[in-house]
Amino acid sequence: MSSYGTLFSGMLQEFEGAARLLNLEPGIWQMLTHPKRQIIVSCPVQMDSGEIQVFTGFRVQYNVTLGPAKGGIRYHPDVTLDEVTTLAAWMTWKCAVAQLPFGGGKGGVICDPTKMSKRELEALTRRYTAEIIDAIGPDKDVPAPDVNTNEQVMAWFSDTYSMHVGHTSTAVVTGKPVEMGGSLGRREATGRGAMIVAREAARHLGFSLDGSKVAVQGFGNVGAIGAQLMAEQGAVIIGVTDWKGGVQNPTGLDIPKLQQWVAQHKTVAGFPGGEPLAAADVFTLDAEILMPAALEKQITLDNVHDIKAKLIVEGANGPTTTEAHKILHEKGVFVVPDILANAGGVTTSYFEWVQDRHGYFWTEKEVNERLEAKMCQAFETVLKTALEYNVDMRVAAYIVAIGRVATVTKMRGMYA
Ligand code: NAD
C-alpha cells in the first residue's frame with residue numbers, strides 16, 4: 001500500500017494491531033486492506049462569472065461486504081484521495097462495530113465552498129452526483145453530509161438522483177431535511193451516542209455522570225449536544241473551547257445559555273457565564289471526563305502528559321495520535337475510541353434509511369430508544385472484547401469490527 005499517504009498508513013497501523021490478535025488469514029488481511037473501488041471524476045461547473053471551472057471529486061467504496069457503502073461527502077480545498085480512502089475505511093469499521101448492515105464509503109470534492117455562491121454549490125453538487133450516479137443508490141452506496149455539506153446539499157443530491165432514475169428516491173442519501181424523508185433525532189444523534197457511551201464507561205469505571213466534571217473541545221454539532229445531554233445527566237461542564245477561544249467555570253457552565261451565546265457570537269469566547277480559557281488548556285483542566293469533539297490529532301505527545309481526565313470520549317474522528325494513545329493507555333486512562341464513541345450519527349443515518357425504505361416514520365422517542373439500545377450493545381461488546389483479549393478499547397473495537405467483516409467475507413466465499 002506504499003502508494004497511500006500518512007493518514008491511510010495510520011489506519012493500517014490500527015488495523016494491524018487488531019488483525020494480529022485475530023490471527024487473520026493473509027488473504028483476508030489483503031482483502032480488508034485494499035479499497036474495493038475508488039472513483040475519480042471531473043465536474044465542470046459554469047461559475048457566476050460565466051467561466052467554466054473543473055472540480056475534482058472522489059467517491060471511495062472501501063468495503064461493501066456487510067451492505068451498501070455508507071459515508072459522508074466532504075467539500076474542502078484540502079480533500080485528497082488518501083483522506084477519502086482512509087475515511088471510507090474508518091466508516092467500514094464504524095458500521096461494523098455498531099452492527100449496521102452497511103459497508104464503508106466516503107466522498108469528497110476539492111473546492112472552497114466559502115468562496116462559492118449557493119447557485120455554484122448547487123451546480124457542483126448536481127454535476128458531482130451525475131458523475132458518480134452509476135455507483136450510488138439505496139442498495140449500492142448511501143452518502144450523507146460531512147465537512148461543509150449539509151441538509152440542503154443532500155436535498156440537491158437526492159433530487160438529482162431521483163430525476164435520473166425517474167422516481168423519487170429518498171433512501172439514496174441520509175441527513176436530509178425531515179420534510180423530505182430525514183429522521184427525527186438525526187441532528188442530535190452523534191452527541192447523544194457520545195453521552196450514552198460516556199455514561200456506560202463511567203459506570204464501568206465505578207462513577208457516574210451525575211456530579212462528574214467534564215471538559216469539551218469543540219462546541220459544534222457533537223460537542224454542544226454532547227455537553228448538553230451530559231449536563232442533563234447531572235454532569236458539570238467546567239470548560240469548553242472552540243476555534244476562537246474558550247470559557248471555564250469550576251461550578252459548571254450553563255450550556256443552554258452558552259448555546260444561545262454561540263448562536264449570536266459564533267464562538268464560546270467572551271461568554272459572560274465564566275472566565276476565559278486558553279484553547280490548549282481544555283486538555284489540562286481538572287475534569288474526570290474529556291471529550292475532544294473538534295478535529296483530528298488534538299491529543300499529542302505535547303499535551304498528553306498533562307491530561308488529568310480518567311475517561312476520554314472521542315467525539316471527533318481521529319483526535320488522538322497513535323503515540324499519545326499509547327501513553328494514555330500506560331497512564332490507565334480509559335479511552336472510548338472514535339469508531340465507537342461517535343457511531344451514534346451513522347446509526348441514526350441507518351434508521352433514516354430504514355424509515356425511507358419502509359415509507360413509515362418513527363417518533364423521536366422511538367429513534368432515541370433504538371439508538372440507546374444500539375450504543376449500549378456496541379459498548380458492551382467492545383468492553384467484553386477488551387477484557388477478553390486484555391487490550392485497550394481501541395484495539396478491542398477494531399477486533400470486533402474486523403472480526404465481523406472477516407467472518408462474512410469467509411462465509412460469502414470468493415467470487416471469481
Ligand atoms: P462542527 O463544525 O459542528 O463543530 C466543530 C467545532 O470544533 C466548532 O465548535 C469549532 O469552532 C471547533 N473547532 C474548530 N477548530 C478548532 C480548534 N482548532 N480548536 C478547538 N476547537 C475547534 O462539527 P461536528 O459535526 O461537531 O464534528 C466534530 C467532529 O466530530 C469532527 O471530527 C467530525 O468528523 C466528528 N463527527 C461528527 C459527526 C456528526 O454527526 N456531526 C459524526 C461522527 C463524527
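Whatever order the structure lists ligands and atoms in, that order sets their numbers, starting from 1.
Near N342, meaning under 4.0 Å from any of its heavy atoms, are these atoms of ligand 1: 43 (C), 44 (C). Residue A316 approaches ligand 1 through these ligand atoms, each under 4.0 Å from one of its heavy atoms: 29 (C), 30 (O), 32 (O), 35 (C).
From the protein, the heavy atom lying nearest to atom 23 (O) of ligand 1 is N221 N, 4.5 Å. The protein atom (non-hydrogen) at minimum distance from atom 33 (C) of ligand 1 is N317 ND2, 4.1 Å. From the protein, the heavy atom lying nearest to atom 40 (O) of ligand 1 is T190 OG1, 2.6 Å. The protein non-hydrogen atom at the shortest distance from atom 31 (C) of ligand 1 is A294 O, 3.4 Å. Among protein heavy atoms, the minimum distance from atom 4 (O) of ligand 1 is reached at G220 CA, 3.2 Å. Scanning all protein heavy atoms for the shortest distance to atom 14 (C) of ligand 1 gives W243 CB, 3.8 Å. Looking at atom 9 (O) of ligand 1, its nearest protein heavy atom turns out to be F219 N, 2.9 Å. Looking only at protein heavy atoms, the nearest one to atom 15 (N) of ligand 1 is L295 CD1, 3.6 Å.
Using a 4.0 Å cut-off between heavy atoms, R186 contacts ligand 1 through its side chain alone, with no backbone atom that close. Residue Q217 touches ligand 1 through its side chain alone, judged by heavy-atom distances below 4.0 Å. If you look at A293 next to ligand 1, the close heavy atoms, those under 4.0 Å, all belong to the backbone.
Side-chain atoms of N148 come within 3.5 Å of backbone N or O of Y75 as a donor-acceptor pair. A donor-acceptor pair under 3.5 Å links the side-chain atoms of N303 to the main chain of Q298, judged by distance alone. T33 contributes a side-chain N or O that, together with a main-chain N or O of Q30, makes up a donor-acceptor pair within less than 3.5 Å.
Here W93 and F15 bring their ring centres to under 6.0 angstrom of each other. For H204 and F334, the ring centers sit closer than 6.0 Å to each other.
One finds no salt bridge joining K118 and E122 here, because no Lys/Arg side-chain nitrogen approaches an Asp/Glu carboxylate oxygen to under 4.0 Å. A salt bridge does not link E380 to K384: none of the charged side-chain nitrogens sits closer than 4.0 Å to a carboxylate oxygen. A salt bridge links K176 with E352: at least one charged nitrogen is closer than 4.0 Å to a carboxylate oxygen.
Within the cation-pi definition used here (under 6.0 Å to the ring centroid, within 45° of the axis), K374 does not qualify as a partner of F379.
Applying the 6.0 Å contact sphere to CD of E275 captures no more than 12 heavy atoms from other residues, nucleotides or ligands.
Using a 4.0 Å threshold on non-hydrogen atoms, atom 11 (O) of ligand 1 counts as touching the protein.
Of the candidates L87, V240, V282, V222, it is V222 that places a heavy atom closest to atom 24 (P) of ligand 1.
By the 4.0 Å heavy-atom criterion, E188 is excluded from the residues contacting ligand 1.
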